[in-house]
Structure formats: structure tokens, C-alpha cells
Enquirer: 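Sharing a structure below in C-alpha cells format, with a few things to ask.
Numbers restart at 1 for each chain; the letters A, B, ... are given by sequence-line order, proteins then strands.
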Number of protein chains: 2
Amino acid sequence: MKSTIKEVAKEAGVSISTVSRVINGRDRVSKSTLNKVQQAIEKLHFHPDHVARTMINKKTQTIGLIVPQLSNEFWSLMSEVIQDELWSNGYITLICSTDNSDKENAYLRMYIDRRVDGIIYCASQEDPTGMQDQMEMLKQSGIPLVTLDKSAPGVSSVVGDHLLGSLNAVEHLIGRGYRQIAYIGGPAVSIEREFGYRKALMMHGLNANEAIIHLVKGQSFADGYGALKAVLASGESFDALFCGNDLMAFGAIKAMEEAGMSVPDDVAVVGYDDIFSASLFKPALTTVRQPIADIGKELVSLLIQSMEQDTDGRSARKIIVPTELIVRESSGALKNEMSLL
Amino acid sequence: MKSTIKEVAKEAGVSISTVSRVINGRDRVSKSTLNKVQQAIEKLHFHPDHVARTMINKKTQTIGLIVPQLSNEFWSLMSEVIQDELWSNGYITLICSTDNSDKENAYLRMYIDRRVDGIIYCASQEDPTGMQDQMEMLKQSGIPLVTLDKSAPGVSSVVGDHLLGSLNAVEHLIGRGYRQIAYIGGPAVSIEREFGYRKALMMHGLNANEAIIHLVKGQSFADGYGALKAVLASGESFDALFCGNDLMAFGAIKAMEEAGMSVPDDVAVVGYDDIFSASLFKPALTTVRQPIADIGKELVSLLIQSMEQDTDGRSARKIIVPTELIVRESSGALKNEMSLL
DNA sequence: AAAAGATGTAAAAACGTTTTGATTTTGCGA
DNA sequence: TCGCAAAATCAAAACGTTTTTACATCTTTT
């Protein structure tokens with residue numbers, strides 16, 4: 001059923017090495033033997049075994065990808081872009097979704113044992129101590145690594161400009177006259193986004209110390225919903241809300257509507273990411289766009305560079321991708337006549 | 001940097017085979033050698049090379065998954081469920097998104113060459129002639145295969161009950177008094193859904209021959225938008241719309257709103273799949289729920305069965321999963337007093 | 001016409017495991 | 001102390017390729 005190079009050699013009446021050279025076009029082969037071999041290959045439906053090949057040339061042509069949650073619109077698009085881009089470059093993609101669980105280590109271990117040629121790692125947690133072990137493991141394995149939104153010494157990374165993105169978003173709200181701006185976020189990048197939020201408040205003379213901030217475990221719709229419930233329960237009043245991502249914004253808006261509040265009339269809302277649903281949502285969500293396709297391509301290109309030069313991670317690069325504020329309905333109109341400017 | 005079993009053997013002062021037995025717990029090893037070997041393994045950070053293992057025992061512990069479009073909410077959730085379920089069973093997942101292009105063959109070829117232990121194939125096209133070649137290739141390779149929404153002789157499959165699902169959906173519209181029900185759909189399963197649509201019309205004495213049906217190439221938001229534009233351009237009037245999936249429904253609704261039509265007041269809409277966004281959408285979308293998690297688990301369980309018995313596909317099974325109509329706002333209220341019953 | 005250089009092909013080593021016989025060591029009753 | 005089964009270990013073959021080395025054969029050159 002499954003033929004080997006040996007059988008092809010016998011069929012063609014030549015040696016194994018000759019067949020190998022025909023397959024790989026490595027060396028010169030005479031016209032007549034070329035024909036014989038090609039016919040034998042055709043006849044036996046021979047396809048070189050990739051596993052055996054890997055044994056020799058140490059290349060699996062496989063990349064391991066780790067994302068926090070594949071079912072999340074942001075990550076599924078990111079994964080699609082990455083898979084597609086890798087395929088164009090001759091690689092196939094192993095995808096694992098950590099789903100906020102502690103599978104990351106096991107996934108990485110598995111990737112290493114399988115000798116993937118490279119790893120694209122979108123960490124879900126900003127946990128520096130936990131990361132240490134994993135990074136050590138990866139470094140020891142010598143497998144090229146590229147991370148998203150996560151920096152480590154010696155590894156290339158692509159990071160969104162969360163600080164500036166958030167800053168712009170919050171300034172937008174301030175510019176429209178909102179003064180009591182709350183923030184809800186999850187783990188990881190949400191921390192950086194919180195910085196941008198705080199900075200914007202401070203830059204415009206608002207007291208960041210008494211800002212309304214609520215952080216939760218995840219980044220999903222349910223997390224946003226829960227976060228806003230918690231804010232409401234605290235009894236603090238606010239006229240605008242900045243969210244760690246779009247999905248959380250959707251959840252928060254749901255919670256507000258259930259509480260009889262209207263967006264943007266009672267509360268203006270800004271999200272982050274600009275996933276496709278953001279434009280579909282009603283009210284259409286004002287949000288900070290992250291260029292997902294660009295990020296994915298950048299990640300792949302960076303990884304391929306790392307793999308080619310193989311300079312032991314000495315020349316790690318860090319690419320910062322800019323964001324763009326997309327203004328839609330959810331952030332309302334000017335709240336009063338006075339613009340800040 | 002990367003240690004081998006040979007080095008471990010030398011370090012522990014035993015033979016390679018002894019180390020192997022320790023690793024796999026295959027045979028009895030004396031307490032003292034066990035300790036020596038374990039310490040050596042520890043010291044050298046040894047992890048057995050999965051590729052070399054594969055050479056021997058012919059198992060990659062890897063499954064190849066093919067989905068039409070990973071960035072589509074339906075497929076990303078499906079992929080997540082499948083990956084997770086496979087991981088629980090000791091398998092890792094290669095994911096490829098065909099994106100309506102002709103990469104399917106290349107993907108399959110790649111999977112076969114890599115000796116994946118099994119393939120889960122969610123075909124994007126209902127093209128029977130094109131499928132022939134691929135199925136032949138797969139059969140020759142002897143790799144266990146499970147398909148979704150696609151039947152082929154000798155292969156196990158999970159199929160949604162599209163006929164009944166659509167039938168119920170359309171009957172729901174009819175029951176509410178709508179009479180001019182249009183249908184828009186894409187390729188593949190949309191065909192079966194069209195049958196259900198037609199059947200419902202006929203069962204209730206509506207003329208299926210002059211039904212308004214518009215089919216397009218894809219299944220995305222843009223496709224739904226385009227399809228509805230085309231329907232509008234045709235000038236035919238309708239008071240309800242059944243869509244091949246939720247995403248298309250969203251697109252269609254967008255197009256209708258742009259044309260000044262209101263949903264559900266002017267036109268009632270029903271989608272298919274019940275992706276997460278369907279409940280978020282405004283108006284909340286009435287739709288036919290497919291139990292994605294169940295389907296994914298069923299696919300995995302079926303595949304694992306195929307792999308274990310390895311009976312050459314003789315005992316192919318076909319599982320039909322039922323759907324559930326989820327009634328929300330988009331299908332409006334009773335259009336007039338007369339219910340059909 | 002012999003030495004030197006191309007050219008085409010074959011044999012064998014290597015990749016890192018598992019598995020199979022074969023061989024050594026151990027334990028224990030006679 | 002000897003013998004022998006059982007237990008523990010080892011050496012070698014196998015998995016299916018690629019690559020290196022070596023050996024013929026056939027052209028050139030001197």
C-alpha cells in the first residue's frame with residue numbers, strides 16, 4: 001500500500017541513492033535512468049516519507065502556534081492569517097488553544113519534542129515568573145521563537161502599541177467631554193492598556209487615583225459582563241467606559257442595557273481590537289483597531305528570519321505596530337460644547 | 001544542547017535498550033539501574049525525540065484537520081473543540097484553512113506524507129467529481145478519515161440534519177403568517193438546506209417553483225450582503241428571508257437596512273448555525289442551532305474509533321445530529337391572526 | 001597511448017529511537 | 001558447590017530517508 005524508495009529502486013533497477021537524487025534533483029542523472037526512475041515512481045505512487053526525511057535533514061517544516069483562545073474572533077483571524085502565511089512559505093501549522101488553562105507548558109513541551117522548526121507564542125498571561133520556566137525550556141531547546149505582545153530577552157517579538165492606542169481612545173472620550181471614564185480589562189495586554197488609560201487621564205488633569213478600574217480573569221464577553229456588573233455594584237458613577245477589548249465591551253453593554261442604561265446616551269463606550277463584529281454591533285462600536293493581518297504577517301516574517309540565520313537569538317528584533325482609532329456610534333457625540341483642546 | 005538516548009546510556013553506564021525500557025516502562029528493570037538511568041535523564045534534560053519514535057512505531061499522534069474558513073466563528077469554535085478533544089486523547093492537531101481556494105488537495109497530500117494518524121475533513125465544496133480524486137488518494141493512503149457534512153462510501157461522517165433544520169425554520173416563518181419567503185445560500189450544505197426550504201413551502205401549499213432563491217459562491221457576511229442586493233435588484237417582493245447561515249443573514253440584514261427596509265417589521269429573517277453573535281445581533285437573530293461542541297466531540301470520537309479498530313473502513317458509521325430552532329426577535333411576531341397550524 | 005578529469009552510479013553511514021534474540025547475572029534448592 | 005530457571009541486561013536490526021565516499025566508465029589532454 002505504501003511504497004518505499006527501496007521498492008522504487010528495485011522497480012527501476014537502480015540504486016536507492018539514484019532514486020534519491022532524482023527526487024531531490026541534487027545531482028546529475030543520465031536521461032535514461034531519469035526516465036526509468038520517474039516511471040517507477042509513477043507506477044508505485046511513491047511519495048517520500050516526510051518523517052524519515054526529517055530524521056536526516058533535521059527540518060520538520062512545521063511551526064507550532066499557541067493562542068489564548070481559538071474561538072475568539074481576534075485569535076481565529078490571527079491564526080488564519082498565520083497559517084496561510086506559513087503555508088506560502090512551505091510550512092504547516094500546529095495550533096493549540098490554551099483557553100486560559102495551564103496547558104501552555106505541555107503544549108510547548110510537545111512542540112519541542114516534535115522538533116518543530118519554530119514557535120509563535122501568543123501568551124495569555126502576563127505572569128513573569130511562570131514565563132521564566134517556559135522561556136528557559138525554549139532557550140535550551142534552541143528552537144526559534146517569536147512572541148506576540150510579550151517581550152523576553154533574546155526573542156523577537158511583535159507588540160501592539162497598547163499604550164498609545166489606549167491613550168488615543170481615552171483622549172477621544174475626554175475630547176468629547178466625558179470626565180468620569182471607567183476602565184474594565186483582563187490579564188496580559190490589558191495591563192498596558194490600563195497604563196494608557198491612566199496616562200490620558202493625567203495628561204488632561206483628571207484624577208487617575210480615583211479612577212474606576214475593574215480587572216477580571218478573562219477577556220471574553222462573559223468577563224466584560226461580569227466586570228460591569230461589579231462596577232455597577234460598587235455604586236460609583238461614570239459617563240464613559242473604556243474596555244480591554246471589543247468582546248468585553250459587548251458584554252459590558254449587555255449588562256448596562258439590562259440595568260436600563262443606554263449606550264451612548266447614558267454611557268459612551270470604546271473597545272479595543274476592532275474585530276469584525278464591532279462594526280456590526282449596535283450601537284456600532286468605537287474601538288482601537290489592531291491590524292491583525294499585518295501583525296500575523298510580521299510574526300511569520302520575523303520567525304522565518306530567525307530560522308534562517310539561526311544566530312542563536314542574538315539579533316532579536318522587536319516590532320511595534322501602530323493602532324488606529326475607529327470612531328463609530330458607541331462613543332456618542334460631543335457631550336457639551338466645550339472641547340478640551 | 002539536545003541529548004540523545006545514547007548519551008543517557010553512557011552517562012548511566014547502561015545500554016541503550018535499558019534506557020529505552022526505563023522510559024517506556026516496558027519491561028522489568030532493577031531498582032538500582034532504574035535510579036541510575038533516571039538520574040542520567042534528569043541530569044541531561046533528556047526528552048525522547050518524537051520523530052525518531054515515529055519511525056519505529058508508525059504513530060505520529062497527530063491529526064490533520066481541514067476547515068473551510070478558520071476565521072469564521074462557526075469553524076473557529078469547531079476547531080477549538082476538536083483540538084481540545086484531540087489533545088485530551090493524546091493527539092496534537094494540524095489545522096489548515098482552505099478559504100474556498102483549491103488548496104485542499106495540497107493540504108491532504110501534505111497530511112498523508114507526514115503520516116498523520118487520522119484526518120478530520122470538513123469539505124467546503126459539494127463538488128462530487130473533485131472529491132473523487134481526493135477520496136481515492138485518501139483511501140490509498142489507508143489513513144482513517146472522518147468527514148463533516150459530507151458522505152462518501154466507506155468513511156464515517158457526522159452530518160447535521162439540514163433538511164429538518166431548514167424545514168422547521170421555514171415552517172416557523174409560515175406559522176407566523178409569512179408567505180413570500182426568500183432563500184439565500186452558498187455552496188455545500190446550503191444545497192441541503194435549500195431542499196428543506198422547498199419542502200416546507202410545498203408542505204404548506206406554497207408554490208416552490210416561483211420561490212425566490214439566490215445562491216452565491218461563499219458563505220460570508222459579504223456573500224449574504226451581495227446575495228440580498230441581487231435579490232433586491234431582481235425586483236421580486238418578499239416578506240421573509242431564510243439564510244444559509246447566520247453570517248449571511250447579518251450581511252443580508254445590512255443590505256436591507258441600507259435599502260430602508262426594517263427587520264423584522266418589513267422582512268422577517270431566520271439564519272442557520274446559531275453562532276455566538278446571533279444572540280448579540282440586533283435584532284437578535286432567530287436561527288437554527290447546530291450543537292457545535294457535540295459535533296466536534298462526535299467527530300473526534302468517531303475518528304478515534306476508526307483508528308483503533310483499523311478495520312479498513314469497513315464499519316463506517318454515519319451520525320446525524322439534530323438541530324434546534326432558536327426563536328428570537330428577527331422573525332417578528334405573528335404577521336396576521338391566522339396561524340397555519 | 002597513458003595520465004588526468006568528468007560523469008554516472010552504487011554501497012554504506014547516519015539520523016534517534018524501539019524491539020528482538022541472545023547473553024549475562026542472580027537466586028535458590030539439591 | 002553445582003546446576004538451572006528466572007531476571008536483568010546487552011548488542012544488533014529495523015524504520016525510510018539523505019548524504020558522503022568510493023568506484024567504474026568515458027572523455028579529454030599531453
Enquirer: Using a 4.0 Å heavy-atom cut-off, write out nucleotides 7-16 of chain C from 5' to 3' as B (base contacted by protein), S (sugar-phosphate only) or - (no contact).
Expert: -SBBB--BBB

Enquirer: In whole angstrom, give the distance that lies between atom NE2 of A/His47 and atom C1' of D/dT17.
Expert: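 Going from A/His47 (NE2) to D/dT17 (C1'), I get 16 Å.
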
Enquirer: Check B/Arg53 with B/Asp49, please: is the shortest side-chain N to carboxylate O separation under 4.0 Å?
Expert: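 Answer for the salt bridge query: no.
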
Enquirer: Are any of B/Asn57's side-chain N or O atoms less than 4.0 Å away from OP1 or OP2 of C/dT17?
Expert: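 No.
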
Enquirer: Under 4.0 Å between a side-chain nitrogen and a carboxylate oxygen: does that hold for A/Asp99 and A/Lys103?
Expert: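 No.
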
Enquirer: Could you check how far CD of B/Gln61 sits from P of C/dT18, rounded to whole Å?
Expert: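 After rounding, the gap between these two atoms is 13 Å.
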
Enquirer: For A/Lys297, is there an ion pair with A/Asp84 - N to carboxylate O distance below 4.0 angstrom?
Expert: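 No, this pair does not count.
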
Enquirer: Calculate, to the nearest 0.5 Å, the distance between atoms CE and CD1 belonging to B/Met137 and B/Ile112 respectively.
Expert: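 B/Met137 atom CE to B/Ile112 atom CD1 measures 4.5 Å (nearest 0.5 Å).
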
Enquirer: Sequence neighbours excluded, which residues qualify as side-chain hydrogen bond (donor to acceptor under 3.5 Å, both in side chains) partners of A/Thr62?
Expert: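 A/Thr62 satisfies side-chain hydrogen bond (donor to acceptor under 3.5 Å, both in side chains) with B/Arg114 once adjacent residues are dropped.
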
